[in-house]
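Computed from a prediction, not measured in an experiment: that's the story for all the values here.
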Amino acid sequence: MQQKVRFQIEGMTCQACASRIEKVLNKKDFVESAGVNFASEEAQVTFDDSKTSAADIAKIIEKTGYGAKEKTEDTLPQPEAEHHIGWRLWLLLAINIPFLIGMAGMMIGRHDWMIPPVWQFVLASVVQLWLAIPFYKSAWASIKGGLANMDVLVTIGTVSIYLYSVYMLFFSPHAAHGMAHVYFEVGVMVIGFVSLGKFLEHRTKKSSLNSLGLLLKLTPTQVNVQRDGEWKQLPIDQVQIGDLIRANHGERIAADGIIESGSGWADESHLTGESNPEEKKAGGKVLAGALMTEGSVVYRATQLGSQTLLGDMMNALSEAQGSKAPIARVADKAAAVFVPAVVGIALLTFIATWLVKGDWTVALMHAVAVLVIACPCALGLATPAAIMVGMGKAVKHGIWFKDAAAMEEAAHVDAVVLDKTGTLTEGKPQVAAVYCVPDSGFDEDALYRIAAAVEQNAAHPLARAIVSAAQARGLDIPAAQNAQTVVGAGITAEVEGVGLVKAGKAEFAELTLPKFSDGVWDIASIVAVSVDNKPIGAFALADALKADTAEAIGRLKKHGINVYIMSGDNQGTVEYVAKQLGIAHAFGNMSPRDKAAEVQKLKAAGKTVAMVGDGINDAPALAAANVSFAMKGGADVAEHTASATLMQHSVNQLADALLVSQATLKNIKQNLFFAFFYNILGVPLAALGFLNPVIAGAAMAASSVSVLSNALRLKRVKIE
């Protein structure tokens with residue numbers, strides 16, 4: 001049986017590391033697929049659990065030289081520790097200071113600012129023989145695993161320049177005359193810049209890129225719980241299902257639950273993307289992470305931790321952020337040959353420069369610059385960094401993508417297929433028009449009272465709509481006796497003081513409707529009413545459009561996305577709704593198979609299709625589409641089939657999802673361009689001697705930070 005498992009990977013330094021782990025795992029016959037995300041430092045593996053186990057896969061990863069810890073959905077992701085500069089980096093930066101001062105002096109002709117060569121040797125030895133040990137360990141583990149990573153380049157370059165300087169200082173013919181040219185500052189400053197760059201990269205990946213940290217802060221650490229008849233302040237991990245918890249104004253809800261007493265308003269935008277607070281009162285639901293903006297409630301916990309909707313969203317986000325988008329394959333293929341190619345270029349640079357210049361010192365400096373400038377990190381971060389930020393932005397808008405591939409596909413969508421009921425409309429029929437038979441002796445209020453008296457004995461949605469409308473008018477509904485349902489026609493009952501009342505289809509109530517100028521009668525469901533077999537009136541019930549539907553359709557069309565309605569309702573009803581919304585393509589009387597077939601036709605015509613639905617009948621079309629969206633709380637099969645879930649029943653969220661995806665893909669392309677351009681430009685410049693190793697080291701560190709900074713711009717992108 002196929003099983004999917006996630007691991008947190010420790011020890012990766014660049015995309016080459018991630019590629020190495022993927023390569024090793026995908027070679028195993030019991031592994032169906034394996035992907036490693038360098039930015040999230042996570043591996044996702046699908047394997048045959050009859051042949052191996054998650055523990056065995058972790059051991060395979062560890063043999064490649066990296067740590068692997070299995071991640072489960074039983075517990076919420078843990079908050080990251082604060083990322084402070086450690087003593088090793090502080091010491092390394094302190095050692096860099098005298099070298100920085102010396103180099104600044106040389107730039108203005110003050111060579112006396114550089115510390116004496118012997119002291120350079122001492123400080124450089126501290127760096128190369130002690131502080132650089134993590135680089136050596138990583139490089140050796142990478143080489144043992146059969147693939148060279150970024151640390152191999154840094155190690156070869158800095159050790160070469162250190163050994164050269166040691167030789168020149170102590171063993172060269174010029175050493176005795178104090179004329180030896182040493183370059184200890186190069187190794188020290190390269191190690192310093194690269195280490196600082198790694199720190200900034202790691203901090204950005206773990207904090208700024210990842211939205212999980214913000215979500216974790218939504219759950220309070222201490223809550224007011226009733227125990228033994230008293231209210232006590234307890235840690236969240238001591239709360240149990242069934243406990244009564246109190247949340248006052250300004251406090252966060254700790255668990256999903258049912259309100260026992262109190263009332264107020266709660267902000268649930270962290271889950272739904274809807275900024276307007278929801279009213280909360282006894283019998284209603286509260287969701288973990290919601291903020292009580294007004295009032296106070298006491299609620300009984302029904303779900304805790306990872307079982308809450310917030311916990312489910314956090315696990316879904318963690319898994320989605322750890323997945324890989326198809327566009328990442330470009331970087332993966334490049335990273336697989338990148339480091340060996342750079343080593344080859346550096347060797348050729350050394351030989352060519354030596355032959356041309358006749359100076360092997362200059363040749364060595366050029367070769368080291370090539371090794372140091374090359375940075376597969378920026379290439380490896382280009383896609384996953386943008387995906388992590390884009391996923392977080394989508395969640396803030398109430399959109400849960402299942403994986404990065406779905407988000408990338410959504411960016412290409414140019415055709416959207418919408419179900420009508422529950423997607424464009426409220427899914428709740430309402431009285432849209434009323435007709436009273438002239439000279440029948442019954443006015444509109446009387447028609448409502450009589451119809452409601454009968455319909456309150458029926459369970460049909462149309463019946464409930466009429467009863468609700470009568471109650472909303474404040475009418476007294478009389479009692480009805482001997483109610484009988486006529487299948488497929490309507491219902492009859494004796495209404496006190498009125499007579500035998502029939503409510504149902506027009507022919508059942510013996511009513512012939514006149515021609516109306518209001519088009520709603522042509523598309524609505526009709527409930528006619530008669531008293532003692534004499535028709536007295538009728539109701540036209542229609543499913544009202546959602547308040548923001550027209551705005552959402554306008555947004556989609558503005559961005560060049562064609563919109564199609566496909567519904568099981570009659571063609572007239574579907575065309576009426578389409579006309580209201582300005583949609584040119586409307587298909588009615590469609591079975592689930594018809595919808596799926598029409599989606600396939602659109603795909604065959606070259607369209608990238610997104611399907612939106614919330615019912616069981618939408619599942620085939622959802623599966624057929626390139627990317628699909630289900631409404632949260634709809635049919636389970638629809639949510640399971642869909643590529644993403646919309647927390648609000650709103651087409652506006654669909655527009656948000658497509659636009660966030662487009663912005664994310666654009667950001668990925670920018671990152672990839674920068675990463676490729678950086679190396680295409682940097683390596684030749686270094687080979688030709690226009691960049692010394694120190695500048696190359698700083699540029700390498702800056703390249704990764706630049707890619708991450710560009711990814712972070714997604715947080716500020718406006719979705720309109």
Side-chain angles (χ1 to χ4, degrees), residues 73-82 207 210-318 392-400 547 632-633 645-650 653 715:
E73 295 186 356
D74 295 332
T75 56
L76 291 177
Q78 295 302 305
E80 292 287 340
E82 291 291 325
S207 55
N210 206 329
S211 301
L212 287 174
L214 296 175
L215 295 177
L216 285 166
K217 294 177 182 177
L218 298 178
T219 304
T221 56
Q222 300 281 327
V223 291
N224 289 310
V225 182
Q226 190 177 72
R227 291 282 173 84
D228 302 323
E230 297 182 2
W231 290 100
K232 298 180 180 180
Q233 191 87 357
L234 295 178
I236 183 66
D237 57 7
Q238 293 185 21
V239 176
Q240 301 173 357
I241 290 178
D243 278 344
L244 287 176
I245 306 172
R246 183 170 61 204
N248 298 321
H249 168 72
E251 294 180 343
R252 296 246 176 218
I253 302 296
D256 289 358
I258 304 296
I259 299 173
E260 296 284 331
S261 62
S263 62
W265 294 79
D267 179 357
E268 297 177 343
S269 59
H270 65 297
L271 292 173
T272 65
E274 174 56 60
S275 58
N276 295 326
E278 293 280 335
E279 185 178 9
K280 300 296 178 182
K281 52 188 177 182
K285 294 181 179 179
V286 288
L287 300 174
L291 176 67
M292 291 300 300
T293 56
E294 290 184 34
S296 174
V297 296
V298 174
Y299 61 97
R300 190 175 299 279
T302 57
Q303 300 288 352
L304 298 169
S306 64
Q307 302 306 311
T308 64
L309 189 58
L310 174 63
D312 182 45
M313 178 177 73
M314 290 170 65
N315 281 315
L317 176 60
S318 178
K393 191 173 185 70
V395 163
K396 286 184 179 179
H397 283 78
I399 305 148
W400 298 8
K632 186 67 177 178
T645 300
L646 306 179
M647 297 305 294
Q648 297 176 35
H649 285 224
S650 167
Q653 272 198 326
K715 290 187 174 183

Going by the rule side-chain hydrogen bond (donor to acceptor under 3.5 Å, both in side chains), which residues pair with [X] if we only count those two or more places apart in sequence or in a different chain?
X      : result
Ser296 : Asn248
Asn224 : none
Glu260 : Arg300

Drop me the distance from [X]'s [atom1] to [Y]'s [atom2], to the nearest 0.5 angstrom.
X      : Y      : atom1 : atom2 : result
Glu279 : Ser263 : CD    : OG    : 7.5 Å
Leu234 : Ile245 : CG    : CD1   : 9.5 Å
Lys285 : Ile253 : NZ    : CD1   : 14.5 Å
Gln653 : His397 : CD    : NE2   : 9.0 Å
Lys281 : Trp265 : NZ    : CH2   : 9.5 Å
Tyr299 : Leu244 : OH    : CG    : 10.5 Å

Contact summary for [X] and [Y], nearest pair of heavy atoms:
X      : Y      : value
Leu310 : Ala288 : CB-O, 3.6 Å
Val223 : Pro220 : CG1-CG, 3.8 Å
Ile236 : Ala254 : CD1-CB, 3.5 Å
Val395 : Trp400 : CG2-CD1, 4.4 Å

Run the side chain to side chain contact (heavy atoms under 4.5 Å, CB included) test on Ile258 and Thr302 for me, step by step, so that the C-alpha distance in whole Å, both residues' side-chain angles and the decisive distance to 0.1 Å come before the verdict.
CA-CA 7 Å; Ile258 304 296; Thr302 57; 4.1 Å; yes
Just jot down the side chain to side chain contact (heavy atoms under 4.5 Å, CB included) partners of Ala266, sequence neighbours excluded, or say none.
Lys280, Ala290, Met292
Go through the structure and list residues passing side chain to side chain contact (heavy atoms under 4.5 Å, CB included) with Ile241, not counting sequence neighbours.
Leu304
Of all pairs that satisfy salt bridge (charged side-chain N to carboxylate O under 4.0 Å, His left out), the ones with a partner from residues 245-258, not counting sequence neighbours
none
Does anything in residues 301-311 pair up under salt bridge (charged side-chain N to carboxylate O under 4.0 Å, His left out), and if so which pairs, sequence neighbours excluded?
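Every candidate salt bridge (charged side-chain N to carboxylate O under 4.0 Å, His left out) pair involving residues 301-311 fails, so no pair, neighbours aside, qualifies.
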Which residue pairs satisfy the side chain to side chain donor-acceptor pair (under 3.5 Å) criterion with at least one member in residues 227-243, sequence neighbours excluded?
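Those involving residues 227-243 are Arg227-Asp243.
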Can any side-chain N or O of His249 pair as donor or acceptor with the backbone N or O of Gly295 at less than 3.5 Å?
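The answer is no, because no donor-acceptor pair under 3.5 Å joins these two groups.
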N/O donor-acceptor pair under 3.5 Å between Lys393 side chain and Lys715 backbone
yes
Compare all side-chain heavy atoms of Leu646 with those of Ile399 and state whether any distance is below 4.5 angstrom.
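Leu646 reaches Ile399 side chain to side chain.
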Quick check: do Thr308 and Leu287 have side-chain heavy atoms less than 4.5 Å from each other?
no
